[in-house]
Amino acid sequence: TWTWLLTRARTRATGCTARVLAASVTVLALLATAAVSSLASGLALSGDRALVDLSGGQVGGGHALRLVLLSWASVALPLLGFVALSCLLSVLSRSAVVGIGGPVVLGLLMQLLSLLGSLGVATNAFLTAPFNAWHGLVRVDPHVAPLWQGALVCLAWSTACLLPARHLLLHRHAPGSSEWWLRRCA
């Protein structure tokens with residue numbers, strides 16, 4: 001079973017790494033599925049005709065395909081940032097439910113604060129900001145600065161979430177796992 005595969009590790013560090021990798025691969029597989037299905041439906045609806053970009057210019061079929069694939073790929077880093085946030089919340093709360101629902105609630109809160117605009121430039125540090133970075137790709141004069149800024153934000157969030165989660169998980173006392181407990185039961 002899935003639980004058996006994820007908990008069969010020899011050490012806590014290996015188990016922690018395996019869980020993060022499993023969650024990351026799952027999220028990236030879901031992203032690839034969404035990208036392929038949107039491309040298939042776009043091709044079914046409009047074929048290989050030229051598309052209109054965000055600047056109002058015409059983009060040929062092959063170039064449009066590359067732009068769409070790059071746009072979908074630009075979402076991978078923020079998704080992995082949310083995976084890291086999920087891991088931290090799961091370890092902190094010792095609950096998978098919090099690990100699943102917490103990032104959803106926090107993501108909605110970040111998006112709401114971004115839409116209100118009261119925080120100004122500080123909203124660029126939110127994990128939801130890099131989801132909009134693809135807009136710079138689909139223009140007549142593409143700019144990639146938001147992609148680099150978003151990559152740095154995602155790296156910072158991932159580091160700030162995964163390092164404490166790993167530390168907490170490795171140094172947590174689990175009932176029955178310490179040597180004194182094993183000696184006491186023997």
Side-chain angles (χ1 to χ4, degrees), residues 19-46 51-57 59 61-93 96-166:
R19 287 182 179 99
V20 171
L21 285 175
S24 299
V25 167
T26 302
V27 165
L28 292 176
L30 291 172
L31 173 66
T33 302
V36 168
S37 66
S38 72
L39 282 171
S41 61
L43 286 172
L45 289 175
S46 67
L51 300 176
V52 179
D53 66 7
L54 295 178
S55 300
V59 179
H63 185 61
L65 177 64
R66 283 190 300 276
L67 289 176
V68 169
L69 289 174
L70 282 173
S71 297
W72 275 106
S74 72
V75 178
L77 288 178
L79 284 176
L80 292 175
F82 273 103
V83 167
L85 179 61
S86 174
C87 291
L88 176 64
L89 293 176
S90 180
V91 168
L92 281 175
S93 66
V97 174
V98 174
I100 294 169
V104 173
V105 172
L106 290 175
L108 288 173
L109 182 65
M110 288 182 220
Q111 193 63 29
L112 177 65
L113 290 173
S114 295
L115 291 174
L116 291 176
S118 60
L119 297 177
V121 181
T123 59
N124 289 337
F126 288 163
L127 195 50
T128 53
F131 282 112
N132 294 325
W134 67 271
H135 291 216
L137 294 173
V138 192
R139 297 170 42 116
V140 172
D141 56 340
H143 57 284
V144 294
L147 288 172
W148 288 111
Q149 179 184 0
L152 291 175
V153 166
C154 294
L155 179 65
W157 272 89
S158 296
T159 303
C161 291
L162 288 178
L163 288 180
R166 180 177 168 85

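These numbers come from a predicted model, not from an experiment.
- Side-chain contact between T128 and P78: absent, with no pair of heavy atoms (C-beta onward) separated by less than 4.5 Å.
- Under the 3.5 Å distance criterion, the side-chain polar atoms of S41 are matched with a main-chain donor or acceptor of S38.
- Side chains of L77 and P130 form no contact here, defined as non-hydrogen atoms less than 4.5 Å apart.
- To the nearest 0.5 Å, the span separating CG on L31 from OG1 on T26 amounts to 12.5 Å.
- Nearest approach of P103 to G99, heavy atoms of both residues: CD-O, 3.2 Å.
- The two residues V153 and F126 come nearest to each other via the heavy atoms CG1-O, 3.6 Å.
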Chi angles and distances behind the side chain to side chain contact (heavy atoms under 4.5 Å, CB included) call for L39, L69: CA-CA 9 Å; L39 282 171; L69 289 174; 3.4 Å; yes

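- Not a single donor-acceptor pair under 3.5 Å links the side chain of W157 to the backbone N or O of L152.
- Looking at heavy atoms from C-beta onward, V27 lies out of side-chain contact with F82 at the 4.5 angstrom threshold.
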Side chain to side chain contact (heavy atoms under 4.5 Å, CB included) between L108 and L112, worked out: CA-CA 6 Å; L108 288 173; L112 177 65; over 6 Å; no

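- Atoms OG and CZ, on S24 and R19 in that order, are 13.5 Å from each other to the nearest 0.5 Å.
- Note that the OG atom of S158 and the CG atom of L88 stand 11.0 Å from one another [nearest 0.5 Å].
- A heavy-atom distance below 4.5 Å is found between the side chains of L89 and L85.
- The distance from the CH2 atom of W134 to the CH2 atom of W72 is 10.0 Å, given to the nearest 0.5 Å.
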Evaluation steps, side chain to side chain contact (heavy atoms under 4.5 Å, CB included), between V98 and L92: CA-CA 9 Å; V98 174; L92 281 175; over 6 Å; no

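- Here the side chain of S37 pairs a donor or acceptor atom with the backbone of A34 at under 3.5 angstrom.
- The CG atom of L80 sits 10.0 Å away from atom CG of L127, with the distance rounded to the nearest 0.5 Å.
- One distance of note links CE of M110 with CZ of F131; it measures 9.5 Å at 0.5 Å rounding.
- Side chain of S90 to main chain of S86: no donor-acceptor pair is present (N/O by atom type, distance under 3.5 Å, no hydrogens or angles).
- In terms of heavy atoms, C161 sits closest to A84 at CB-O, 3.4 Å.
- Counting heavy atoms from C-beta on, the side chains of P146 and N132 never come closer than 4.5 Å.
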